[in-house]
Amino acid sequence: MPIPINIEDLLHKRKIESNRIDFKKGWNPDSIYRSICAFANDFDNIGGGYIVVGVEEENGMAKRPVAGIPIDSLDRIQKDMIGYNNKIDPYYMPRVDMQEVDGKYVLVIWAPAGLSRPYSVWERVTVSKSPYKWYVRSGSNSIAAKGDVLDELREMANRVPFDERGNENIQITDISPTLVLDYLQTVNSRLASVFDKTPFTEILNLMDLFTGPTEQRLLKNVAAMMFCKNPAKFFPVTQVDIVIFPDGCIENPNNMTEVPKIVGSVPEMIKQTLDYFRTNVIKKNIIKPKDRAESITFFNYPYQAIEESVVNALYHRDYQEREPVEITIEPDKISILNYGGPDRSITMDAIHRAERLKSRRYRNRRLGDYFKELQLSEGRGTGIPTIQDELRKNGSSPAVIETNNDRTYFLIEIPCREGFGKTIEPLYATLKKALNGVLNDKELAVFMEIAKSPNIKRKTLLEKMDISKATLERAVKQLSSESLNLIEHKGSKRYGGYVLTEKGESILEDNTMIL
């Protein structure tokens, strides 16, 4: 496998720091694998390193001409390395390349920082049995980690949150420039003004979305979470599943409605999920007492509590788990479930009290920073207090939190406010009854899509709804006709889009109204 740097740069220690290069005159597996382990552990976060076999060191530099390795030994060495790699725990495979220098062959072993640190290796890989030891680099040497250094090395895996780790599977082409620009514009970043004049890789670099050394730059997991249209490509089953049980999942589990799965970048999944709740679930009740002028307004579920719960689920979700965020809607509650569970630094007592969950470690710290910039989250440890406060102000009972001793999941149940009916029905079905004989199914679907995404363009409607252009044209014509006047186009042809009219908004708010 070709290395990402010129061999002469390695021999002259150009572009690569000298402590990241280890010259070995001959093939000595025991010594070499200690260096491989040390570079993989990357204790100083310098990006791993290179071991050049067949080169003698003289005064810190490569002695020329190089000593070289007999060409008939190269195949045997590479075969032996397959077995030696299995003596590294967890398994680690360095990259190997043969290079011709000064008319001889040298073996270049590239050992980048491992994604599963810390690593240990047999003290002697050439014997049948040997104790494992951890190694780190100290200057230009590989030494066994002991005492405080070993303790710190063992903590390294917990020190780097998952979303900040590099991912060699994510390519520049997987990152959407449109999503990046939209984010920069939303947070009023100055990068937005130079976006078209700056190479995309430099934009990502300035956003601190790369990690690793210059010759092996890896995009961080958070880049795919935030700016990839299909993050499930890297984190399988990254989606939100919503299931509705009109009679309750215990009372009548066979009567259920599954909402099409919600996918996309993490911010897009949050937006789509909250749009669904706004349009289909959240209802308002207004009571006007006879003995007072002011009306009493409350909701079945306060929007802010739902918003915070959805954001928390996608923020704290373990993106290495192949499980969706599951939302269950029943007559008396909404349940939001995500895997894995709360950190062990949060006591079970605090979880049962469901007042404030303050963690010392965050699974996706950088994702939380993005959420705060997008004003989706206020700050660490404030989510549960916000949810409980919004429920209290709405007159609802407090939310209940559940997990297990192994902390594999996190479940929050948000109760429905007393004063609402005990049966629920998706708004689409309610509107279909209300508009029976006025709109057909396609027209109603277009109406609902415009309600969920104000200022939507025709092209986007076609992409989202998977209907023909002619069908969409007929639906738009009917919905915007003088007799119905439910939608209208606002803004210019290029930048504008479809929105509901006042009449359309009124029907949406009072979903039992009949035209």
Side-chain angles (χ1 to χ4, degrees), residues 1-71 73-74 77-78 81 84-85 88 92-115 117-119 121 125 134-145 149 152-153 156 166 168 201-202 205 208 210-219:
M1 175 182 177
I3 60 173
I5 189 169
N6 184 275
I7 183 63
E8 289 295 333
D9 288 335
L10 281 178
L11 296 175
H12 291 281
K13 295 187 175 181
R14 296 191 297 252
K15 300 182 180 179
I16 302 295
E17 299 90 335
S18 60
N19 61 338
R20 296 182 56 210
I21 304 172
D22 198 354
F23 295 127
K24 302 287 186 182
K25 183 178 179 180
W27 174 244
N28 182 345
D30 292 332
S31 173
I32 287 170
Y33 266 81
R34 293 168 197 154
S35 291
I36 290 173
C37 179
F39 283 133
N41 278 326
D42 195 23
F43 185 70
D44 294 320
N45 285 313
I46 56 177
Y50 297 83
I51 303 160
V52 189
V53 185
V55 177
E56 186 177 359
E57 186 173 335
E58 188 175 61
N59 298 323
M61 299 298 293
K63 185 177 179 180
R64 306 294 290 269
V66 300
I69 297 176
I71 191 170
S73 300
L74 291 172
I77 289 173
Q78 292 183 77
M81 289 184 70
Y84 298 148
N85 292 342
I88 300 176
Y92 176 88
M93 185 176 69
R95 283 70 161 170
V96 181
D97 188 22
M98 291 183 295
Q99 294 271 355
E100 186 174 357
V101 181
D102 300 336
K104 298 179 181 178
Y105 284 96
V106 299
L107 190 70
V108 181
I109 302 172
W110 177 28
L115 300 179
R117 297 181 290 178
Y119 295 91
V121 68
V125 296
W134 289 264
Y135 291 90
V136 296
R137 293 292 285 180
S138 176
S140 58
N141 299 305
S142 298
I143 64 170
V149 172
E152 190 173 349
L153 179 63
M156 290 190 73
E168 58 189 4
T201 52
E202 180 60 19
N205 187 53
D208 190 29
F210 283 107
T211 188
T214 304
E215 73 278 12
Q216 195 209 10
R217 301 292 278 163
L218 297 179
L219 280 163

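Distance CD1/Ile7 to CD/Glu100: 11.5 Å, rounded to 0.5 Å. One finds the CG atom of Leu11 at 8.5 Å from the CE atom of Met61 (value rounded to the nearest 0.5 Å). Here the CZ-CD distance, from Phe43 to Glu152, works out to 4.0 Å after rounding to the nearest 0.5 Å.
Closest approach of Ser138 to Ile143, counting heavy atoms only: CB-CD1, 3.6 Å. Looking at every heavy atom in both residues, Gly54 comes nearest to Val66 through O-CB, 3.7 Å. The shortest heavy-atom contact between Phe23 and Val55 is CB-O, 3.6 Å.
Residues that satisfy the ring-ring contact (aromatic ring centres under 6.0 Å, His included) test with Tyr33, not counting sequence neighbours, are Tyr84.
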* Go through the steps for Ile109 and Met81 under the test side chain to side chain contact (heavy atoms under 4.5 Å, CB included), then give the verdict. => CA-CA 11 Å; Ile109 302 172; Met81 289 184 70; 4.0 Å; yes
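Remark: side-chain polar atoms of Asp30 are paired, donor with acceptor, to backbone N or O of Val125 under 3.5 angstrom. Side-chain atoms of Arg20 come within 3.5 Å of backbone atoms of Gly48 as a donor-acceptor pair (strictly under, hydrogens ignored). Here the side chain of Asn205 pairs no donor or acceptor atom with the backbone of Thr201 at under 3.5 angstrom. In terms of modelled atom types and a separation under 3.5 Å, the side chain of Asn41 and the main chain of Tyr135 share a donor-acceptor contact.
The side-chain heavy atoms of Met98 and Leu107, taken from C-beta on, include a pair separated by under 4.5 Å. Lys24 has its side chain within reach of Ser35: a pair of non-hydrogen atoms, C-beta onward, lies under 4.5 Å apart.
Taking 4.0 Å as the cut-off between side-chain N and carboxylate O, Asp97 and Arg95 do not count as a salt-bridged pair. A salt bridge links Arg64 and Asp102; the closest N-O separation between the charged side-chain nitrogens and carboxylate oxygens is under 4.0 Å.
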